[in-house]
Each structure stands twice: as structure tokens, then as C-alpha cells.
Amino acid sequence: MAYLSIFPLCLFFLLISPSIAQTTSFRPRALVLPLTKDSATGQYITQLSQRTPLVAIRLTVDLGGQFLWVDCDRNYISSSYRPARCRSAVCNLANSKACGQCNGSPRPGCNNNTCGLFPYNPFIRTATSGELAQDVVSLQSTDGSNPGSIVSAPRVAFTCGPTFLLEGLAKGVVGMAGLGRGPIGLPSQLASAFSFPRKFAICLGSKGVIFFGESRYNFLPGKDVSKSLIYTPLFINPVSTAGSFFQGEKSVEYFIGVKSIEVNGKPVAINSTLLKIFDKDGNGGTKISTVNPYTVMERSIYKAFTSAFAKAFSGVPRVAQVAPFEVCFNSSKLGSTRVGPPAPTIDFVLQSQSVFWRIFGANSMVQVKEDVLCLGFVDGGLNPRTSIVIGLHQIVDNLLQFDLARSRLGFSSTLLFHQTTCSNFNFTSKA
Ligand SMILES: *[C@@H]1O[C@H](CO)[C@@H](O)[C@H](O)[C@H]1NC(C)=O
Ligand SMILES: *[C@@H]1O[C@H](CO)[C@@H](O)[C@H](O)[C@H]1NC(C)=O
Ligand SMILES: *[C@@H]1O[C@H](CO)[C@@H](O)[C@H](O)[C@H]1NC(C)=O
Ligand SMILES: *[C@@H]1O[C@H](CO)[C@@H](O)[C@H](O)[C@H]1NC(C)=O
């Protein structure tokens with residue numbers, strides 16, 4: 001059986017490469033996807049085209065998601081749908097050892113002798129089994145300033161999910177776009193389909209943008225954010241942190257090495273053991289997530305951090321807490337700055353004392369009522385899986401570049417300093 005792991009892989013590349021050359025007239029260096037924020041759920045939604053004939057589908061973005069999954073039970077019609085046959089190259093690539101049958105008549109999501117994976121909806125913490133398949137995906141190329149021509153990848157692997165797995169997702173959404181670092185995450189698949197670097201960048205604001213591949217990141221009025229990134233290593237958690245996974249799988253989520261936290265430049269006393277990833281069980285460490293609306297901290301870190309912050313901001317009157325936050329202030333006499341309310345700075349100190357991710361008022365404080373401003377971090381309780389989960393409010397209007405090949409994160413800190421925002425990518429195509 002040893003040949004299985006080598007032979008199908010060769011077959012895979014032979015099949016994939018020539019078909020790419022046929023469907024696209026030029027090879028893009030980068031692609032772009034638009035993002036909108038769903039006001040009811042706070043989720044970021046993207047839109048791309050899939051199937052033959054092409055259908056525009058809306059998907060909730062999951063930075064740490066393992067792969068693309070879509071509801072195949074409703075309205076999935078495509079002449080280019082290919083179920084992944086057991087032990088085929090794509091099953092191998094996806095590390096799918098599950099081989100299944102399906103009762104009923106064949107249709108997308110229900111075929112015999114196919115391998116499967118477990119699509120996961122992190123908002124309702126539910127996973128289920130689904131058929132692995134491939135189909136055409138098409139999206140726009142970019143020069144980093146505007147969208148360009150539309151290009152297609154003929155065989156993007158994804159998993160079929162049932163309709164009930166859409167519960168808790170924004171209205172009109174038919175699945176989730178997983179941007180995790182695994183072999184069938186969208187970044188790796190698009191990189192291999194178009195032979196560009198395994199790299200992507202995400203920028204979330206009232207709207208937003210995802211760039212795949214090698215490009216500038218130009219935001220109106222003409223600010224190229226790619227020139228002002230700070231870099232820090234990405235760490236691989238040896239134990240999967242997904243809702244469902246095969247034994248021995250690594251995490252596809254994005255972990256960074258926060259070594260300490262400072263408020264107004266003063267270190268907060270925390271148990272640094274919690275900031276490390278434990279190789280044995282994959283607990284601990286710091287990851288970035290688009291599932292959590294606010295950064296979640298293990299309880300002892302949360303307590304130490306919030307009290308240090310309250311002390312640093314003691315010139316401003318405290319008011320009663322407003323759930324889910326514990327530390328709130330009367331903001332009626334507070335002014336404002338270009339980077340939000342004039343709050344103490346928060347630094348996530350990284351590989352050395354001189355490399356830190358600085359968080360200003362716009363990303364630390366949440367206006368919960370007209371005159372009440374709360375520290376936008378929440379208590380993760382005792383013994384959470386991951387000690388710090390950096391959430392949406394802390395990454396809004398920050399550009400984050402995930403370079404999988406070099407295993408590093410590039411981050412911009414707030415774009416408000418650059419007098420732009422993540423909503424300012426010019427989605428008008430050049431004439
Ligand atoms: C799978 O095989 C079983 C047994 O041969 C058959 O009853 C069933 O209809 C098949 N399912 C599909 C989707 O072809
Ligand atoms: C720090 O955290 C680790 C892991 O939870 C724990 O084993 C250790 O006892 C803690 N140390 C202190 C001083 O609280
Ligand atoms: C905030 O302070 C102002 C006076 O400075 C007061 O009128 C207002 O009621 C306070 N708001 C809260 C929520 O405490
Ligand atoms: C956006 O790009 C289009 C196409 O290049 C251009 O015509 C338009 O002026 C740009 N918009 C702004 C606000 O610069």
C-alpha cells in the first residue's frame with residue numbers, strides 16, 4: 001500500500017497543472033476577495049463564484065477554518081462537481097481516511113466510495129461529516145490597487161455540509177471559507193492552483209478585503225500598507241484546535257508568540273507558562289480568530305490585565321460593568337484622537353522587547369452606551385484550550401499578512417495612523 005502516498009500525488013499535479021493553463025489566459029500574481037460585515041451577527045462575509053455554470057455564493061470567513069465547506073443539499077447544481085474518490089490524491093492531500101457510502105440517489109454531497117471530512121461551524125460549535133469534492137472556483141485577480149480580470153481554478157477542494165450546519169451563520173450565507181494553514185485551506189489551494197506564494201492578507205473594517213498571493217496592499221488615498229508591516233513568527237500548534245479532526249493532526253490556526261503584555265509600557269504580571277503552547281495537549285498560547293468578537297483571555301491573565309488597565313486609566317471615573325465586559329468608564333469627559341478614545345496603550349510584546357503589537361483606543365475600547373466606554377476584552381475562564389484568543393475588535397482596521405511559506409505574520413497596527421481604513425480598498429475595476 002506504500003505506493004498510495006506517492007503515486008496519487010503525482011497524478012494530482014499532472015491533472016491539475018494543464019487544466020489551469022487552459023482556463024486562464026494569464027497567471028495572476030495575486031487575487032482579491034471583498035468582505036462585508038453582517039450587522040446582525042458581526043460575521044465577515046465574502047463572495048466568490050463556484051460551479052458550472054458559475055454561481056455567486058456568500059460565505060462566512062473563518063481565519064482558522066480548515067477548508068471551504070458549502071451546503072450541497074440545497075440548490076447545488078454543477079456539471080463540474082467531482083466527488084473525491086476514496087484513496088484519490090485529493091483525499092490524501094486532505095488527510096481524509098474516512099471512506100463512505102451514501103444511501104439515496106447520487107447528487108452533490110451524496111456519492112458512493114468517496115472520502116469525507118468534518119465541516120465545522122464554530123458559531124454553534126457543531127461538526128458533522130460531509131463528502132469531500134472538487135469544483136471550479138472563480139475570483140478576481142488584483143495588482144494590489146484594484147481588482148483585475150476574473151480567473152478560475154478548476155478543481156478547488158471543499159466539503160459538502162448539510163443545510164442545518166448553516167445555523168448561526170449570517171442570512172444568505174451557504175457555507176464557510178476556511179483560511180487555515182492546512183493543505184486544503186483556501187490560501188494553500190489558491191497558491192498551488194496559480195503558482196503564487198502561499199501568502200495572504202486580511203483587513204477587516206466596516207467592509208474589508210482579503211489578498212491572496214504576492215501584492216501591494218493599496219488603500220485609498222494611495223497608502224501602500226505592505227511597506228509598513230512588522231513581522232513576527234507564526235507557531236504551529238502540534239495538536240489540532242479544530243472542532244473535529246483526525247488523531248495526530250496539527251492545528252491549522254494561527255498562533256503567535258506573545259511573551260508579555262504591557263499597559264502604558266509597564267509589564268503586567270502574568271504566568272508566562274500559560275503563554276506557551278504545551279506540546280503534549282496543544283493547550284495554551286495565543287491565536288488570532290475571526291470567530292470571537294473580542295479578545296478572550298484565560299482568567300488569571302484577564303484579572304491581572306484588566307486591573308493594570310484600570311489603574312493606568314484611573315483618571316477616568318469607573319462605572320458599573322456592562323456584560324460581557326467588566327471594566328467600564330464614564331466617557332462623557334473623554335475626548336477623542338485619530339486612533340480612538342485616548343486610552344492607555346496595550347502592547348502584546350513578541351519575539352523581543354522591541355517587537356510589539358500596539359493596541360490603541362479604537363481597538364481596545366467599546367462604546368456600549370452614549371457615555372459608557374468598556375475595555376473590550378473578555379474573561380475566558382479557567383483552563384481554556386488557548387490562553388489568549390485575539391478577536392475581531394482588536395484586529396479591525398489592522399492589516400494582517402499570513403505568510404505560510406515563511407511561517408510569519410506581518411501586522412500593521414492600526415491603519416488609522418496611516419489615515420486609511422480596511423474599508424478603503426478600491427473595488428472599482430480599472431477600465
Ligand atoms: C451506494 O451503494 C448502495 C449499495 O450498492 C446503493 O444502494 C446506493 O443507492 C448507492 N448510493 C449512491 C449515492 O449511488
Ligand atoms: C502557571 O500556569 C501553569 C499552567 O497552567 C501552572 O501549572 C502553574 O502552576 C502556574 N504557576 C503559577 C505560579 O501560578
Ligand atoms: C457620567 O458623568 C456625567 C457627569 O460628568 C454624568 O452626568 C453621567 O450621568 C455619568 N454617566 C454614567 C453612566 O455614570
Ligand atoms: C478607483 O479606481 C478606479 C479605476 O482605476 C478609478 O477610476 C477611481 O478614480 C478610483 N477611485 C478613487 C476614489 O480614487
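None of the values given here were measured: they were computed from a predicted structure. Note that ligands are numbered from 1 as they come in the structure, with each ligand's atoms numbered from 1 the same way.
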Notebook entry, point to check: Under 3.5 Å, N or O to N or O, is N426 touching ligand 4 that way?
Noted result: yes

Next item on the list: Mind checking the OH-CD spacing from Y231 to Q401? Nearest 0.5 Å is all I need.
Entry: 4.5 Å

Note to self: Below a 4.0 angstrom heavy-atom separation, can you tell me which part of P221, side chain or backbone, both or neither, approaches ligand 4?
What the structure shows: neither

Notebook entry, point to check: If you measure from CG on N424 to NE2 on H418, what distance do you get to the nearest 0.5 Å?
Noted result: 13.0 Å

Note to self: So if I count the atoms of ligand 1 from 1 in the order they appear, which ones are less than 4.0 Å from some heavy atom of C102?
What the structure shows: 1 (C), 8 (C), 10 (C), 11 (N), 12 (C), 13 (C)

Notebook entry, point to check: Looking at G104, which atoms of ligand 1 are within less than 4.0 Å of one of its heavy atoms?
Noted result: 9 (O), 11 (N), 12 (C), 13 (C)

Notebook entry, point to check: Would you call S145 a ligand 4 contact, heavy-atom distance under 4.0 Å?
Noted result: no

Note to self: At less than 4.0 angstrom from any non-hydrogen atom of S429, what atoms of ligand 4 do you find?
What the structure shows: 4 (C)

Check: Against heavy atoms of L220, which atoms of ligand 4 measure under 4.0 Å?
Finding: 12 (C), 13 (C), 14 (O)

Next item on the list: Go through the steps for F377 and F309 under the test ring pair (Phe, Tyr, Trp, His ring centres under 6.0 Å), then give the verdict.
Entry: CA-CA 11 Å; F377 289 70; F309 188 91; 7.9 Å; no

Notebook entry, point to check: Below 3.5 angstrom, do we get any N/O pair linking N146 and ligand 4?
Noted result: yes

Check: Are R181 and Y254 in a cation-pi setup, meaning NZ or CZ lies under 6.0 angstrom from the ring centre and within 45 degrees of the ring axis?
Finding: no

Taking distance alone, no hydrogens or angles, what donor-acceptor pairs closer than 3.5 Å link side-chain atoms of residues 159-168 to residues at least two apart or in another chain?
unit_1: T163; atom_1: OG1; unit_2: D71; atom_2: OD1; d: 3.1
unit_1: T163; atom_1: OG1; unit_2: D71; atom_2: OD2; d: 3.1

Check: Taking all atoms of both residues into account, what is the closest heavy-atom pair of V366 and H393, and its distance?
Finding: CG2-NE2, 3.6 Å

Notebook entry, point to check: In terms of side-chain geometry, is the basic nitrogen of E326 or K303 positioned less than 4.0 Å from the acidic oxygen of its partner?
Noted result: yes

Notebook entry, point to check: Once you round to the nearest 0.5 Å, how far does CH2 of W69 lie from CG of L59?
Noted result: 9.0 Å

Notebook entry, point to check: Does an N or O anywhere in N103 fall below 3.5 Å from an N or O of ligand 1?
Noted result: no

Checklist line | K250 atom NZ: more than 12 heavy-atom contacts under 6.0 Å | finding: no

Starting from the N and O atoms of ligand 3, find every protein N or O within less than 3.5 Å and list the pair with its distance.
unit_1: ligand 3; atom_1: 2 (O); unit_2: N330; atom_2: OD1; d: 3.4
unit_1: ligand 3; atom_1: 2 (O); unit_2: N330; atom_2: ND2; d: 2.2
unit_1: ligand 3; atom_1: 2 (O); unit_2: S332; atom_2: OG; d: 3.4
unit_1: ligand 3; atom_1: 5 (O); unit_2: K333; atom_2: NZ; d: 2.8
unit_1: ligand 3; atom_1: 11 (N); unit_2: N330; atom_2: ND2; d: 3.0
unit_1: ligand 3; atom_1: 11 (N); unit_2: D371; atom_2: OD2; d: 3.0
unit_1: ligand 3; atom_1: 14 (O); unit_2: N330; atom_2: ND2; d: 3.4

Checklist line | S407 (side chain) donor-acceptor with L234 (main chain) under 3.5 angstrom | finding: yes

